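Everything numeric here is computed off the predicted structure, so don't read it as measured data.
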Amino acid sequence: MKRLLVCLLLVGVAGCGESEKGETPPEKGPHAKTPDAATVKKLMTPAQLALGDPVVNSVGMLLVPIPAGEFQMGSPEGEENRDDDETQHKVTITKPFYMQTTEVTQGQWKAEMGTEPWKGKHDVKEGSNCAATYVSWDDAVDYCKKLSEKEGKTYRLPTEAEWEYACRAGTVTARSFGNEERLFGDYAWYAKNAWDIDEKYAHQVGLKKPNAFGLYDMHGNVSEWCHDYYDGDYYKQSPAQDPTGPVTGSCRVLRGGSW
């Protein structure tokens, strides 16, 4: 599973992938619906359900519990397109946490921050349910702080380990839906179904299929900021439990690919 390091202030950049045969085009436009709590609850695993129901917060974010557990982080040496910074190692996430089921939308961002960092920028489609882009790491952290103060709960960016654990959702393949390239378009906005057909923008969230934890767009649409500093050798010396990344660095980690 690829690590993605992009030292830029924008969240969405370029896409990747091969084939989208068998893809069912999702509904698009102003009447397209984002996932609701009842729909997502049906997708949750027994371990998730044991922790509680989905939660909708004050700005309309839908969050689901992610159970504690262990997984193999990184990629096996024989995996196609593997990079040198993906040393595979076992990681244990010792505490459950909640994660938003979709990327932060423009509407959710504007409701809390009152800003539109994507306004007037290249390769942008505006819409309240479209993924927010052109957001710096510092601004993303500030967004979490404002939500925390408003709701009296702790919001933060996920660690890179938490992100990959949630993305994999119990799977061990290169992607959470398996290794078949033909399925890519069912789960992600990427080059073949976005950039290459002149839809050069981040799409509305939640239109593709979710992973086994009920999380959408983990493999495409826009990349997501993580808490960690980036270090190409960190996987080789990472703690076995709840790693939080290097203590210092010059760049932060982005995960998830994009359109």
Peer 1: Say you draw a straight line from CE of Met99 to CD of Glu162; how long is it, rounded to the nearest 0.5 Å?
Peer 2: 7.0 Å
Peer 1: Go through the structure and list residues passing side-chain contact (heavy atoms from CB on, under 4.5 Å) with Glu126, not counting sequence neighbours.
Peer 2: Gln106, Glu116, Trp118, Lys119, Val124
Peer 1: Could you tell me if the ring centre of Trp259 sits under 6.0 Å from that of Trp195?
Peer 2: yes
Peer 1: Run the side-chain donor-acceptor check on residues 139-147: report pairs under 3.5 Å with partners two or more places apart or on a different chain.
Peer 2:
unit_1 : atom_1 : unit_2 : atom_2 : d
Asp139 : OD2    : Ser136 : OG     : 3.4
Tyr143 : OH     : Gln108 : O      : 3.0

Peer 1: Does anything in residues 54-102 form a ring-ring contact (aromatic ring centres under 6.0 Å, His included)? List the pairs, not counting sequence neighbours.
Peer 2: Phe71-Tyr165, His89-Tyr235
Peer 1: Rounded to the nearest 0.5 Å, how far does CD of Glu70 lie from OG1 of Thr92?
Peer 2: 4.5 Å
Peer 1: Under the criterion side chain to side chain donor-acceptor pair (under 3.5 Å), I'd like the reasoning laid out for Arg252 against Tyr230: C-alpha separation, chi angles, the key distance, then a yes or no.
Peer 2: CA-CA 5 Å; Arg252 299 285 179 169; Tyr230 174 80; over 6 Å; no
Peer 1: Could you pull out every donor-acceptor pair under 3.5 Å between side chains of residues 54-62 and any protein atom, sequence neighbours left out?
Peer 2:
unit_1 : atom_1 : unit_2 : atom_2 : d
Asn57  : OD1    : Val59  : N      : 3.1
Asn57  : OD1    : Gly60  : N      : 3.2
Asn57  : OD1    : Met61  : N      : 2.8
Asn57  : ND2    : Tyr155 : OH     : 3.1
Ser58  : OG     : Glu151 : OE2    : 2.4

Peer 1: Would you check if Phe213 and Met44 make a side-chain contact, meaning some heavy-atom pair closer than 4.5 Å?
Peer 2: no
Peer 1: Listed by chain and number, what are the salt bridge (charged side-chain N to carboxylate O under 4.0 Å, His left out) partners of Lys236, not counting sequence neighbours?
Peer 2: Asp233
Peer 1: Answer yes or no: does atom NZ of Lys150 have more than 12 heavy-atom neighbours from other residues, nucleotides or ligands under 6.0 Å?
Peer 2: yes
Peer 1: Run the ring-ring contact (aromatic ring centres under 6.0 Å, His included) test against Tyr187 and tell me which residues pass, sequence neighbours left out.
Peer 2: Phe177
Peer 1: Considering only NZ, NE, NH1 and NH2 on the basic side and carboxylate oxygens on the acidic side, decide whether Glu181 and Lys192 come within less than 4.0 Å.
Peer 2: no
Peer 1: His219 and Ser176: side-chain donor and acceptor closer than 3.5 Å?
Peer 2: yes
